[in-house]
Amino acid sequence: MSSPVINQDMIQEILSYLPASKIGKFRLLNKECNKRSYESWFINLNLLRTNRISGYFIQHYIVKGHELRTSFVHERSDLQNNGVSIDFLPPGMIKIEACDASHGILLCVKYTKPSRGYIVFKPTTKQYQVIPKPEVKGWDMSLGLAVIGLNPFRYKIQRLSQSRRMCMSRGIYHLNHRTFMCEVFDSDSFTWKRLENLRLPKTDRLIFSNPIQVSGFLHWISRNNNVIRFCLKTETWSFFHTPNSDVFSGLVRYEGKLGAIRQWTNKDQEDVHELWVLKSSFEKSWVKVKDIKSIGVDLITWTPSNDVVLFRSSDRGCLYNINAEKLNLVYAKKEGSDCSFVCFPFCSDYERVDLNGRSNGPTL
């Protein structure tokens, strides 16, 4: 007796009513189910049926007034942002430093003299928690945030910093791209822990950016096209190379895996972004997925689905549907303005989380 044929449309219809945390388990059913669950039509339907919101926090710095402004832009221009903002946070200059885009949790630094404070928050429920300051004094060079548990709720923050001494040579300040002090904050213990310094080879340099979080790892890319990986579970570092010796412009997350973007010019003299994906989190072999034609905007920095990418430059961000070849402007610099943009992808439900649900440490 033959096995019954699985109706993929029926499966996708059922999955569209499930929260994102449960969809991941069903992606293991088969390759087609996995691939279709990352398509934009399914993601948009799932967002609608599970009362979630997806979009971008845009921060722009006004140079003349030394002012930092933050706004939220819905991914779909025909929908409202439902009051999502950071206005509920304590007053002061707030700078978003990291975001777990899949769980709607952000980390910001509040710059208030004489010291700064670190705040973890969930905008959709207007919850926030002030966390202790790092024990190591220094300049924040890169911060990563990842939710590692839902019941109980738990997250970790990874901080790379540098002291003034690390950046001085013969009395002259030089930006150090090789050596960083490393700390980890665990919401369970509610403390920072100092780890060994991160040191890159003498011939290499870290590209300062927000790390890409995939499957319990944070990833950065170096100027020599090395992937620098931090494991949130073991709190250890590892290194491996991008697909080949060519120059790769950055890393992305694609269908739940780590992706690398290579920019090149094809035989028709067209600028193309080549997408490669790591086969699995425990392998170091890559596979080419697709070519994406350039639209005149610098970099691909985010893939909200497997058929839509976010192109971003210093003055604008655009969502591009690869199949339909349709372009939607997310944000743009106003003519004559003197501001620069930073964009944080964001997707969240409206369920409250227990920011104080740790097993150790004080309760705020």
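When all heavy atoms are compared, the tightest approach of V130 to F190 is O-CZ, 3.8 Å. K95 approaches Y111 most closely through the heavy-atom pair CB-CE1, 3.7 Å. Closest heavy-atom contact between I86 and I94: CD1-CG2, 4.0 Å. Summarising the geometry of L319 relative to V330, their closest heavy-atom pair is CG-CG2, 3.7 Å, with the distance given to 0.1 Å. Nearest heavy atoms, L355 versus F153: CD2-CE2, 3.8 Å.
Under the 4.0 Å criterion applied to side-chain N and carboxylate O atoms, R178 and D204 are not assigned as salt-bridge partners. Look at E325 and K293 and you find no salt bridge, because none of the NZ, NE, NH1 or NH2 atoms lies under 4.0 Å from a carboxylate O. Using a cut-off of 4.0 Å between Lys/Arg side-chain N and Asp/Glu carboxylate O, D349 and K122 are scored as salt-bridged. Salt bridge K233/E235: absent, no basic N to carboxylate O contact under 4.0 Å. We find that E135 and K193 are not joined by a salt bridge, their nearest charged nitrogen and carboxylate oxygen being 4.0 Å or further apart. Taking a cutoff of 4.0 Å between a charged side-chain nitrogen and a carboxylate oxygen, R194 and E183 do not qualify as a salt bridge. Taking the charged nitrogens against the carboxylate oxygens, R154 and D186 do have a contact shorter than 4.0 Å, which makes a salt bridge.
Partners of T125 according to the side-chain hydrogen bond (donor to acceptor under 3.5 Å, both in side chains) rule, which considers only residues two or more places apart in sequence or in another chain, are Q127. Evaluation of the side chain to side chain contact (heavy atoms under 4.5 Å, CB included) rule for T191 yields S189 as partners, not counting sequence neighbours. Among residues two or more places apart in sequence or in another chain, the side chain to side chain contact (heavy atoms under 4.5 Å, CB included) test is passed with R49 by E13, S16, Y17, L45.
A donor-acceptor distance shorter than 3.5 angstrom exists from the side chain of T242 to the backbone of N225, with no hydrogens or angles considered. Side-chain atoms of D354 never come within 3.5 Å of backbone atoms of P152 as a donor-acceptor pair (strictly under, hydrogens ignored). Of the possible donor and acceptor atoms, none in the side chain of W220 sits under 3.5 Å from a partner among the backbone N and O of L251. Using modelled atom types, one side-chain atom of D307 and one backbone atom of S40 make a donor-acceptor pair closer than 3.5 Å. The backbone N or O of I96 lies less than 3.5 Å from a partner atom in the side chain of Q59, making a donor-acceptor pair. Judged purely by atom type and a 3.5 angstrom limit, D100 uses its side chain to pair as donor or acceptor with the backbone of S102. The main-chain N or O of K279 is found under 3.5 Å from a side-chain atom of K257 such that the two form a donor-acceptor pair.
Using a 30° and 60° split on the angle between ring planes, H219 and F217 fall in the tilted class, from 30° to 60°. Classification of the F311-H273 ring pair by plane angle, with boundaries at 30° and 60°, yields perpendicular.
Note: the hydrophobic cluster containing Y38 does not contain W302 (ILVMFWY, side chain heavy atoms under 4.5 Å, direct or indirect links).
F57 pairs with exactly one of F72, F121, F344 by the ring pair (Phe, Tyr, Trp, His ring centres under 6.0 Å) rule, that one being F72.
No side-chain donor from either of N224 and S222 sits under 3.5 Å from a side-chain acceptor of the other.
The distance between the ring centers of Y118 and F185 does not fall below 6.0 angstrom. Ring-centre distance between H60 and Y331: not below the 6.0 Å cut-off.
Geometrically, R36 does not engage F42 in a cation-pi contact defined by less than 6.0 Å to the ring centre and at most 45° from the axis.
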**Asked** Would F230 and L195 count as a side chain to side chain contact (heavy atoms under 4.5 Å, CB included) if you check the C-alpha gap in whole Å, the side-chain angles of each, and the deciding distance to 0.1 Å?
**Response** CA-CA 12 Å; F230 181 77; L195 305 178; 3.8 Å; yes
